[in-house]
**Q** 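Pasting in a structure now, in structure tokens, and then I'll have a few things to ask.
Computed over heavy atoms, backbone and side chain alike; hydrogens, waters and symmetry mates excluded.
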Amino acid sequence: MSNDITTPTATEPTDAHTATGAVDAGTAQRRSAEIEEQLRRDPGPFRVLTGDRPTGKLHLGHYFGTLRNRVRLQNLGVDTFVVVADYQVLTDRDLADHLSEHVEDLVLDYLATGIDPERSTIFAHSAVPALNQLLLPFLSLISVAELNRNPTVKDEIAHSRQSAVSGLMFTYPVHQAADILFCKANLVPVGQDQLPHLEVTRTVARRFNDRYGTDGPVFPTPDALLSAAPLLLGTDGTKMSKSRGNSIALAHTADETARLIKGAKTDAERRITYDPAARPEVSSLVLLAALCQDRDPRDIAEEIGDGGGAVLKKTVTDAVNEHLAPLRARRAEYAADRAFLRKILRAGNERANEVAEQTLSEVRRAMGTAY
Ligand code: TRP
């Protein structure tokens with residue numbers, strides 16, 4: 001892609017952080033540990049924003065990687081916003097097929113895992129005009145060269161299903177800044193791949209405040225909260241992923257789960273051990289049982305010992321089905337009442353709109369465009 005168009009008004013970042021993804025993961029990790037400490041002492045000053053693209057049902061990788069952590073933050077008493085990033089679905093596909101179905105599935109998965117609409121605001125960003133309007137001033141603060149250097153976007157472009165790269169694909173990290181800053185979130189729980197995007201948000205916030213914040217800063221500079229996401233493999237031994245058909249979804253039934261785990265790849269060695277480097281498939285199954293039972297994977301492997309793959313799979317199936325049973329029951333309950341589901345989303349959208357309009361009027365005042 002050409003990067004010969006630069007935005008003359010956008011200044012290059014001058015401090016240790018860059019808007020291009022050259023993020024020091026070690027620094028982010030240390031900062032996350034500090035924040036965890038503060039959260040335990042007093043969650044009051046924090047506002048969290050997280051979210052997902054609605055592209056299908058969530059699976060165990062999402063659950064143990066991010067969903068559980070969100071519920072934990074919510075339950076610590078942190079004010080939490082959860083964005084259903086429906087516009088973002090259009091970054092790598094021409095058509096957002098079955099979008100409303102995917103949105104409902106995502107909300108169901110949230111509710112099933114324990115996101116409580118009384119305490120957390122679940123909303124779709126397409127339903128919040130004032131949030132989207134922030135995109136325009138924000139785009140003026142980032143240069144095309146900076147957008148071009150974002151490693152996560154580069155990777156997504158390389159794997160895109162589109163024949164041409166759309167403007168949305170290129171600029172969605174700035175849209176994501178609007179998702180985060182519209183509600184002045186100061187904490188964003190993310191995985192490593194999202195760190196470059198969070199740097200864009202931090203840069204947008206800093207530059208906006210520098211340029212327009214003569215009466216004081218309008219936006220916080222949000223921190224990433226990195227959590228140790230366990231690497232769960234799918235049933236074919238590659239990374240668990242919606243698009244690879246190798247995942248166990250929260251929405252699967254106990255029988256479907258049993259069938260999927262039965263077909264999971266293992267290896268020829270009978271004795272079960274926990275050795276992720278040498279035996280990734282077997283170890284991932286052991287880890288899954290361990291996560292479900294909140295135990296040490298080595299103890300589980302030890303117990304199965306010479307029982308082999310059959311006992312391992314039975315153990316994992318029972319552990320997953322037992323752990324997910326209450327969650328699946330809750331999911332089914334909500335799924336039976338679509339009208340109620342819509343009501344939850346509408347209430348979340350309404351709250352998000354109030355917050356976004358408040359922020360947009362501050363932005364207008366700061367920019368001198370409040371007519
Ligand atoms: N990009 C995220 C993903 O693909 C989804 C997302 C959209 C998001 N807006 C966000 C995540 C804001 C964190 C904060 O999963």
Side-chain angles (χ1 to χ4, degrees), residues 49-68 70-71 80-117 120-129 131-132 156 159-162 166 168-169 172 175-176 179 194 232 234-235 239-257 259-260 320 324-353:
L49 182 123
T50 66
D52 301 274
R53 302 176 194 199
T55 55
K57 296 180 171 70
L58 298 182
H59 55 63
L60 289 173
H62 299 117
Y63 175 67
F64 286 114
T66 58
L67 293 177
R68 264 199 340 175
R70 288 180 199 170
V71 175
T80 301
F81 282 70
V82 187
V83 61
V84 174
D86 50 354
Y87 273 139
Q88 223 181 73
V89 174
L90 291 165
T91 50
D92 71 346
R93 54 200 86 194
D94 297 319
L95 197 75
D97 266 337
H98 308 291
L99 194 53
S100 68
E101 197 183 304
H102 289 334
V103 169
E104 284 191 358
D105 270 328
L106 189 57
V107 176
L108 279 174
D109 285 333
Y110 289 159
L111 298 172
T113 51
I115 296 196
D116 171 7
S120 295
T121 304
I122 304 170
F123 69 100
H125 63 184
S126 72
V128 188
L131 178 161
N132 290 294
E156 284 170 332
H159 293 101
S160 170
R161 306 182 196 183
Q162 285 179 315
S166 72
L168 184 62
M169 167 64 104
Y172 90 81
H175 193 203
Q176 198 155 313
D179 288 342
Q194 296 287 308
L232 281 179
T235 48
K239 186 174 187 280
M240 195 179 280
S241 151
K242 275 182 217 171
S243 56
R244 292 186 193 170
N246 66 357
S247 54
I248 298 161
L250 299 177
H252 278 137
T253 64
D255 286 348
E256 285 166 336
T257 303
R259 193 155 9 92
L260 287 162
V320 171
L324 292 185
L327 209 144
R328 285 169 166 166
R330 203 157 43 222
R331 198 183 191 285
E333 231 171 88
Y334 281 112
D337 192 351
R338 298 272 154 173
F340 183 60
L341 199 62
R342 291 267 147 191
K343 214 164 107 186
I344 288 173
L345 192 54
R346 264 202 303 275
N349 289 341
E350 217 168 281
R351 163 115 205 273
N353 269 293

**Q** Residues two or more places apart in sequence or in another chain: which of them pass ring pair (Phe, Tyr, Trp, His ring centres under 6.0 Å) with His125?
**A**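 Testing His125 for ring pair (Phe, Tyr, Trp, His ring centres under 6.0 Å), a comparison that skips the adjacent residues, returns Tyr87, His175.
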**Q** Roughly how far, to the nearest 0.5 Å, is the CD atom of Glu104 from the CD1 atom of Ile344?
**A**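 With rounding to 0.5 Å, CD1 (Ile344) is 11.0 Å from CD (Glu104).
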**Q** What residues form a ring pair (Phe, Tyr, Trp, His ring centres under 6.0 Å) with His102, not counting sequence neighbours?
**A**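 His102 satisfies ring pair (Phe, Tyr, Trp, His ring centres under 6.0 Å) with no residue once adjacent residues are dropped.
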**Q** Answer yes or no: is there a side-chain heavy-atom contact under 4.5 Å between Val82 and Thr121?
**A**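 The answer is no; the side chains never approach within 4.5 Å.
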**Q** Under 3.5 Å, is there a donor-acceptor pair between the Tyr63 and Asp109 side chains?
**A**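 No, Asp109 and Tyr63 have no side-chain donor paired with an acceptor closer than 3.5 Å.
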**Q** Under the rule for salt bridge (charged side-chain N to carboxylate O under 4.0 Å, His left out), what residues qualify as partners of Asp116, not counting sequence neighbours?
**A**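 Scan of Asp116 (salt bridge (charged side-chain N to carboxylate O under 4.0 Å, His left out), adjacent residues dropped) gives Arg119.
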**Q** Nearest 0.5 angstrom please: Gln88 CD to Ser126 OG, how far?
**A**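 One gets 12.5 Å once the value is rounded to the nearest 0.5 Å.
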**Q** Listed by chain and number, what are the side chain to side chain contact (heavy atoms under 4.5 Å, CB included) partners of Ser247, not counting sequence neighbours?
**A**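 Checked Ser247 against side chain to side chain contact (heavy atoms under 4.5 Å, CB included); matches are His59, Met240.
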**Q** Answer yes or no: is there an ion pair linking Asp52 with Arg70, defined by an N-O contact shorter than 4.0 Å?
**A**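 Yes, charged N to carboxylate O under 4.0 Å.
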**Q** About how many Å separate OG1 of Thr55 and CG of Asp97, when rounded to the nearest 0.5 Å?
**A**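 Taking CG in Asp97 and OG1 in Thr55, the distance rounds to 12.5 Å.
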**Q** Is it the case that atom CD in Glu256 sees more than 12 heavy atoms from other parts of the structure closer than 6.0 Å?
**A**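 Above 12, so yes.
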**Q** Apply the test side chain to side chain contact (heavy atoms under 4.5 Å, CB included) to residues Thr66 and Thr50: give CA-CA distance (whole Å), side-chain angles for both, the deciding distance (0.1 Å), then the verdict.
**A** CA-CA 9 Å; Thr66 58; Thr50 66; over 6 Å; no
**Q** Taking atom CZ of Arg342 and atom OG of Ser100, what is their separation to the nearest 0.5 Å?
**A**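 Between atom CZ of Arg342 and atom OG of Ser100 there are 5.5 Å.
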**Q** Which heavy atom of Phe123 sits nearest to which heavy atom of Leu345, and what is that distance?
**A**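 Looks like CA-CD1, 4.0 Å.
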**Q** Measure the spacing between CG of Leu106 and CG of Asp86 and express it to the nearest 0.5 Å.
**A**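 The CG atom of Leu106 sits 10.0 Å away from the CG atom of Asp86.
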**Q** Go through the structure and list residues passing salt bridge (charged side-chain N to carboxylate O under 4.0 Å, His left out) with Arg244, not counting sequence neighbours.
**A**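 For Arg244, no residue satisfies salt bridge (charged side-chain N to carboxylate O under 4.0 Å, His left out) once neighbours in sequence are set aside.
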**Q** Mind jotting down which residue pairs meet the salt bridge (charged side-chain N to carboxylate O under 4.0 Å, His left out) criterion with at least one end in residues 54-67? Sequence neighbours excluded, please.
**A**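 Those involving residues 54-67 are Lys57-Asp105.
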**Q** Do Ile115 and Val107 make a side-chain contact, defined as non-hydrogen atoms from C-beta onward lying under 4.5 Å apart?
**A**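 Counting from C-beta outward, Ile115 and Val107 never come under 4.5 Å.
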**Q** Please walk me through it: do Arg328 and Thr257 pass side chain to side chain contact (heavy atoms under 4.5 Å, CB included)?
**A** CA-CA 12 Å; Arg328 285 169 166 166; Thr257 303; 2.8 Å; yes
**Q** Please check: side-chain N/O of Asn353 versus main-chain N/O of Ala127, any donor-acceptor pairing under 3.5 Å?
**A**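 It does hold such a pair.
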**Q** For Ser166, check side chain to side chain contact (heavy atoms under 4.5 Å, CB included) against everything at least two apart and list the hits.
**A**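 Scan of Ser166 (side chain to side chain contact (heavy atoms under 4.5 Å, CB included), adjacent residues dropped) gives Gln162, Leu168, Met169.
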**Q** How would you list, by chain and number, every residue that makes a salt bridge (charged side-chain N to carboxylate O under 4.0 Å, His left out) with Glu156, sequence neighbours excluded?
**A**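 If we apply the salt bridge (charged side-chain N to carboxylate O under 4.0 Å, His left out) test to Glu156, skipping adjacent residues, the hits are Arg53.
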**Q** Going by heavy atoms in the side chains, are Leu341 and Leu108 under 4.5 Å from each other?
**A**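 Yes, at least one pair of side-chain atoms sits under 4.5 Å.
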**Q** Residues in ring pair (Phe, Tyr, Trp, His ring centres under 6.0 Å) with Tyr172, at least two apart?
**A**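 With sequence neighbours excluded, Tyr172 shows a ring pair (Phe, Tyr, Trp, His ring centres under 6.0 Å) to His197, given in chain and number order.
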**Q** Output all residues satisfying salt bridge (charged side-chain N to carboxylate O under 4.0 Å, His left out) with Arg259, sequence neighbours left out; order by chain, then residue number.
**A**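 Partners of Arg259 by the salt bridge (charged side-chain N to carboxylate O under 4.0 Å, His left out) criterion come out as none, since no residue qualifies.
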**Q** Of all the heavy-atom pairs spanning Leu111 and Arg330, show the shortest one and how long it is.
**A**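 Taking every non-hydrogen atom into account, O-NE, 3.6 Å.
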**Q** Sequence neighbours excluded, which residues qualify as side chain to side chain donor-acceptor pair (under 3.5 Å) partners of Thr113?
**A**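 Listed in chain order: nothing, the list is empty.
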**Q** Just jot down the side chain to side chain donor-acceptor pair (under 3.5 Å) partners of Thr235, sequence neighbours excluded, or say none.
**A**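 By the side chain to side chain donor-acceptor pair (under 3.5 Å) rule, Thr235 matches no residue at all.
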**Q** Where is the tightest heavy-atom contact between Pro54 and Ala85, given as atom of each residue plus distance?
**A**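 Smallest interatomic distance, heavy atoms only, reads CD-O, 3.3 Å.
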**Q** Just how far is it from atom CG of Asp337 to atom NZ of Lys343, taken to the nearest 0.5 Å?
**A**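 Rounded to the nearest 0.5 Å, the CG-NZ separation comes out at 8.5 Å.
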**Q** Distance-only, no hydrogens or angles: does the Asn246 side chain make a donor-acceptor pair with backbone N or O of Lys239 under 3.5 Å?
**A**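 Indeed, once roles are kept as given, a pair shorter than 3.5 Å links the two residues.
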**Q** For Ile122 and Asn349, what are the C-alpha separation, side-chain angles and deciding distance, and is it a side chain to side chain contact (heavy atoms under 4.5 Å, CB included)?
**A** CA-CA 7 Å; Ile122 304 170; Asn349 289 341; over 6 Å; no
